[in-house]
*Asks:* 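First the structure, then my questions, so here it is.
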Protein chains: 2
Amino acid sequence: MIRWQEMDATVERLLTAAREVFDEEGFRGATTRKIAARAGVNEVTLFRHFASKEELIGAALARGHAEAVARLGAAPLPEEPADLDAELRPYLRMVLQAFAGAGRGVRTALAEWEHLPAYHAWLLGPSEAVMDRLRRYLAAAARAGLVRPGADPDAVTHLLVAALFSHGLLPPMMPGRFPGGPAASFERCVDIILDGIRPEPEEVSR
Amino acid sequence: MIRWQEMDATVERLLTAAREVFDEEGFRGATTRKIAARAGVNEVTLFRHFASKEELIGAALARGHAEAVARLGAAPLPEEPADLDAELRPYLRMVLQAFAGAGRGVRTALAEWEHLPAYHAWLLGPSEAVMDRLRRYLAAAARAGLVRPGADPDAVTHLLVAALFSHGLLPPMMPGRFPGGPAASFERCVDIILDGIRPEPEEVSR
DNA sequence: GTATCATGCAAGCGCTTGCTTGCGCGTGAC
DNA sequence: GTCACGCGCAAGCAAGCGCTTGCATGATAC
């Protein structure tokens, strides 16, 4: 009989280690020796559970993808927008946190993008999900008259994602450029975006 | 007597090749054999001109940095802002073009950031210059009453850079997400930002 | 004509990479 | 008790890495 408990523990440690090392060093830099060492496991054991380094990292990324989707799903946007400020901000805050947490990995993924077509779905999935959700929400908000008619939902989505993107990735590289911390800076950016898409005062009052 | 003409030609080809391969493959992936092959030069010749791979890539990045600064300097912003729309848009357009052109290299640089401290100045310099210039311009515009008082120049700068950043890097990875092309999408984002920082109509008319 | 110098070519060094082989140990199942 | 199974350990393989050496070649300078 298979001792699932032990095997799972080893596989688990390997997956976690693979994810961590991949995040820090990229695919090329994530050597099987480093991964095995971080997992506290012999390198041979790695190859007993996974046919190749490619398969191991693929499995690790798939698990990370699943976790990210689950985390993002826990921050839902209402289907019927009522108050942009009150609804969008908590959602964006949660997404930014998830994004910043994965920031190191996102950066390495960006770099080796063309070399890792097999992983595109896992790497891009969460971002695509956020973009789709935001777009749908903003389109509904526009229909409900909560957004100035001229503001294209696609463009607003891009702008929000751009802010998420840069505030999730850049702070470690440009410390000092985010006075008050990345979170506060992000909040100020959202202020401007929301100001830019708010309906004219006249339209609201009348 | 040294034949500068030939030697320069070889060094030139090596620098160009090093830059290209580094952009595509990163530092680890840019092997001396690949660089020499792309330059159409024997690998030994590479080491006759540069003490090490690290020095060669450093020189190539320094040249790229100089070129980028020169290109960005050709798109000046006035010291005394008069018309945000008319002045900011051409500048941003030019920066976006420069950014998109360097996009591949920026992505690899992002990934290996922590591993290449020696290159930070070369890699980050142009972006820092753009941020400083934008910040100065926006602060002056705020003083001139061209920007709504609530809009923090730092936040506006961040938002503009975020839009530049994402529109320069993401299109190759998410084709189809930029209907009408990245340039048009970027323009729409700038629309929203400018709308978000414009002074209230009442303030202007009175 | 001869000296000089950039370059090409063949070969190889020591090291790291992904991955394999063979063997021995300990634990749990029956 | 013994058998199966997960694992560690030592060793090694072919390939690729950065970098070096020695020698031949061809163009230029004087």
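Every chain is numbered from 1, with letters handed out A, B, ... down the list of sequences.
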*Asks:* NA contact type, A:A30, heavy-atom cut-off 4.0 Å: base, sugar-phosphate, or nothing?
*Replies:*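 Sugar-phosphate contact only - A:A30 comes under 4.0 Å of backbone atoms but never of a base.
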*Asks:* To the nearest angstrom, how far is B:F47 atom CZ from C:dG8 atom C1'?
*Replies:*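 After rounding, the gap between these two atoms is 16 Å.
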*Asks:* Check the orientation of A:W113 and A:H120. Use parallel for under 30°, tilted for 30 to 60°, and perpendicular for over 60°.
*Replies:*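 Judged by the thresholds at 30° and 60°, the geometry between A:W113 and A:H120 is parallel.
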*Asks:* With a 4.0 Å cut-off, would you call B:R188 and A:D154 a salt bridge?
*Replies:*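 A:D154 and B:R188: not salt-bridged.
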*Asks:* Which of these nucleotides, C:dT17, D:dC7, D:dC19, is closest to any side-chain atom of A:T45?
*Replies:*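 Closest of the options to the side chain of A:T45: D:dC7.
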*Asks:* For this output row, return yes or no: ring centroids of B:F27 and B:F22 closer than 6.0 angstrom.
*Replies:*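 Ring centres of B:F22 and B:F27 not closer than 6.0 Å.
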*Asks:* Could you give the CZ-to-C1' distance, from A:R28 to D:dA15, as a whole number of Å?
*Replies:*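 In whole Å, D:dA15 C1' lies 15 Å from A:R28 CZ.
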*Asks:* Whole angstrom is fine here: how far is it from CD1 in B:I35 over to P in D:dC17?
*Replies:*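 To the nearest whole Å, that distance equals 11 Å.
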*Asks:* Hey, what's the ring geometry for B:H167 with B:F178, parallel, tilted or perpendicular (30° and 60° as the breaks)?
*Replies:*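 Geometry flag for B:F178 against B:H167: perpendicular rings.
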*Asks:* Please determine, by modelled atom types, if A:Y137 and A:E87 share a side-chain donor-acceptor pair under 3.5 angstrom.
*Replies:*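 Yes, a side-chain donor-acceptor pair sits under 3.5 Å.
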*Asks:* Salt bridge or not for A:R198 and A:D195, using N-O below 4.0 Å?
*Replies:*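 Looking at A:D195 together with A:R198, the answer is yes, because their closest N to O distance falls below 4.0 Å.
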*Asks:* For the side chain of A:V41, starting at C-beta, report the closest nucleotide among D:dT20, C:dG18, D:dG8.
*Replies:*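 For the A:V41 side chain, the nearest candidate turns out to be D:dG8.
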*Asks:* Once you round it to whole Å, what is the distance between P of D:dC17 and CD of B:E54?
*Replies:*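 Result: 18 Å.
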*Asks:* Would you tabulate the nitrogen or oxygen pairs shorter than 3.5 Å linking the protein to nucleotides 10-13 of chain D?
*Replies:*
none

*Asks:* Which whole-number value in Å describes the distance from B:K53 NZ to C:dT16 P?
*Replies:*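 Whole-Å distance recorded here is 15 Å.
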*Asks:* So, OP1 or OP2 of D:dG6: does either fall under 4.0 Å of a side-chain N or O from A:H49?
*Replies:*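 No, A:H49 has no side-chain N/O under 4.0 Å of OP1/OP2 on D:dG6.
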*Asks:* Between the base of C:dG8 and the side chain of B:R48, is there any donor-acceptor pair under 3.5 Å?
*Replies:*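 By the distance-only test, yes, there is a pair.
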*Asks:* Let me know the distance between CD of A:E12 and P of D:dG6, rounded to the nearest Å.
*Replies:*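 For the pair A:E12 CD and D:dG6 P, the rounded distance is 17 Å.
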*Asks:* Could you pull out all residues at least two apart from A:E79 that satisfy side chain to side chain contact (heavy atoms under 4.5 Å, CB included)?
*Replies:*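 With sequence neighbours excluded, A:E79 shows a side chain to side chain contact (heavy atoms under 4.5 Å, CB included) to A:R133, A:R136, given in chain and number order.
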*Asks:* Whole Å only: how far is the CZ atom of B:F50 from the C1' atom of D:dT20?
*Replies:*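 In whole Å, D:dT20 C1' lies 18 Å from B:F50 CZ.
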*Asks:* Which whole-number value in Å describes the distance from A:L46 CG to C:dG18 C1'?
*Replies:*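 Distance, rounded to whole Å: 10 Å.
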